Amino acid sequence: MDDPRLGQRARRDALFLKGPIKFGWIRQNIPDPTSRLILVARGFMNMANPTETECTLSLKVWDCAGIHSPDQRTRVLKKIGQKCEGYWVEQRKGRTSLLHIGQNPNKITPP
């Protein structure tokens, strides 16, 4: 009997970011998991009409980015918070995190 995860993987691999760049290609060719997550999240944001500025980091998004372990997810979220300008993560206790584009409204910036 066919594994439903393999069929699901094939359908998700056919999703694309923009133009002919598909999620499967991103997962195979971009070694940095943080970059993969941001590209996949941007793809899901762009699929909405109108384009959204936030993406719920559900298991579907993590799976499309090829990030499976909770430890790696934690490291990716920490790296986004520290090194990725223009993106910030809202971590909600007991719920999935949100990836936002733009400046963090809770961050204090010097004048």
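Since the structure is predicted, the reported quantities are computational estimates derived from the model, not experimental observations.
- In terms of the side chain to side chain donor-acceptor pair (under 3.5 Å) criterion, residue partners of R12 (sequence neighbours excluded) are, by chain and number, D63.
- Expressed to the nearest 0.5 Å, how far CD1 of I80 lies from CG of L57 amounts to 7.0 Å.
- The two atoms that bring V61 and V40 nearest to each other are O-CG1, 3.9 Å, heavy atoms only.
- Taking OG1 of T51 as the reference point, atom CE of M45 lies at 10.0 Å (rounded to 0.5 Å).
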Can you give each donor-acceptor pair under 3.5 Å made by side-chain atoms of residues 93-100, sequence neighbours left out, with the distance rounded to 0.1 Å?
residue: T96; atom: OG1; partner: R92; partner atom: NH2; Å: 3.3
residue: H100; atom: ND1; partner: E54; partner atom: OE1; Å: 3.4
residue: H100; atom: NE2; partner: E90; partner atom: OE1; Å: 2.9

*Step by step, would you call L37 with R73 a side chain to side chain contact (heavy atoms under 4.5 Å, CB included)?*
CA-CA 10 Å; L37 178 68; R73 290 181 197 145; over 6 Å; no
Name each donor-acceptor pair under 3.5 Å that joins a side chain in residues 25-36 to protein atoms two or more places apart or in another chain, with its distance.
residue: R27; atom: NH1; partner: D13; partner atom: OD1; Å: 3.2
residue: R27; atom: NH1; partner: C64; partner atom: O; Å: 3.4
residue: R27; atom: NH2; partner: D13; partner atom: OD1; Å: 2.6
residue: R27; atom: NH2; partner: D13; partner atom: OD2; Å: 3.3
residue: N29; atom: ND2; partner: W25; partner atom: O; Å: 2.9
residue: D32; atom: OD1; partner: K79; partner atom: NZ; Å: 3.2
residue: D32; atom: OD2; partner: S35; partner atom: N; Å: 3.2
residue: D32; atom: OD2; partner: S35; partner atom: OG; Å: 2.8
residue: R36; atom: NE; partner: A65; partner atom: O; Å: 2.7
residue: R36; atom: NH1; partner: I30; partner atom: O; Å: 3.0
residue: R36; atom: NH1; partner: P31; partner atom: O; Å: 3.2

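- In the hydrophobic clustering of ILVMFWY residues, with side-chain heavy atoms under 4.5 Å counting as a link, F44 and V76 come out together.
- Distance check, rounded to the nearest 0.5 Å: CG of L6 to CZ of R11 gives 10.5 Å.
- Under the side-chain contact (heavy atoms from CB on, under 4.5 Å) criterion, S69 pairs with D71, Q72, sequence neighbours left out.
- Put simply, L77 and I67 are part of the same group of oily side chains (I, L, V, M, F, W, Y) that touch within less than 4.5 Å, one to the next.
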